[in-house]
Amino acid sequence: AVRHLSVGMWVRKCVGGRRVAGIGSVQSVAGRGEVHVRLLLSARVFEHTCGGIIVTDEDNLCVAVNAAFERITGYAEHEVLGQLPRMLYSSMHDDEFFRALWRTVVAEGQWRGELWSRRKDGDVFPEWLALSTICDQKGRVDGYVGVFTDLSDIRPATGERPCMGHPGPLPRPPHRP
């Protein structure tokens, strides 16, 4: 059987190069290869997913976005890191909408629905958002992940909403010259 081992050695030498003291360890790393492969796969999925992804910490400050987020919103990752995602808020929803959204996230661990967001250039667009809580191993909130799809390329220009659990069209954003 093939065994995967990690060997570490610390040796202290005196000026003459003679070994004075040393300590070493051998550890089995069985299973670490699979973990590494899964981490690489997760990173590739994150970067190559066509939907935008934003990851925030427990205070809702951005810690990561993927390439699709940058393409859809026009914001580069360095522009949003450490920021609240308020730069994406359109004026199409009032404060009560967001309070209700976050009440659902806190109570159920997730929220899914359609809303209007704003790109860096000011363009308002419809998106389908799935917002989920990220918990640590003890069940404490560690952050949030939002995965969204830009519906402006999917939906016909009429503004009709596909069947997504909410009847009727979204309100149209005001005409922008």
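Just so it is clear, the structure is predicted and the values come from calculations on it, not from any experiment.
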> Any donor and acceptor pair, going by atom type alone, linking the side chain of T49 with main-chain N or O of G51 inside 3.5 Å?
Replying inline: no
>> What I want to find out is whether E127 reaches R118 closely enough, with some N-O distance under 4.0 Å, to be called a salt bridge.
In response: no
> Hey, what's the ring geometry for F148 with F125, parallel, tilted or perpendicular (30° and 60° as the breaks)?
Replying inline: tilted
> Looking only at atom types and distance, does a side-chain atom of R71 sit under 3.5 Å from a main-chain N or O of C50, one as donor and one as acceptor?
Replying inline: yes
>> List the residues meeting ring pair (Phe, Tyr, Trp, His ring centres under 6.0 Å) with F97, not counting sequence neighbours, and say none if there are none.
In response: H93
> Side-chain contact, heavy-atom cut-off 4.5 Å: C62 with I54?
Replying inline: yes
>> Which heavy atom of V65 sits nearest to which heavy atom of V80, and what is that distance?
In response: CG1-CG2, 3.8 Å
> Quick one: CH2 on W111 to CG on L101, what's the gap to the nearest 0.5 Å?
Replying inline: 5.0 Å
> Should F46 and I53 count as side-chain neighbours, where that means a heavy-atom distance under 4.5 Å?
Replying inline: yes
> What pair of heavy atoms forms the shortest contact from L61 to G82, and how long is it?
Replying inline: CD2-O, 3.6 Å
> Do T56 and V63 touch side chain to side chain, with heavy atoms closer than 4.5 Å?
Replying inline: no
> Do R119 and S152 touch side chain to side chain, with heavy atoms closer than 4.5 Å?
Replying inline: yes
>> With a 4.5 Å cut-off on side-chain heavy atoms, are V55 and Y144 touching?
In response: no
>> Check this for me: does any side-chain nitrogen of one of E79 and K120 sit under 4.0 Å from a carboxylate oxygen of the other?
In response: yes
> Are any side-chain N or O atoms of T149 and backbone N or O atoms of L151, one a donor and one an acceptor, separated by less than 3.5 Å?
Replying inline: no
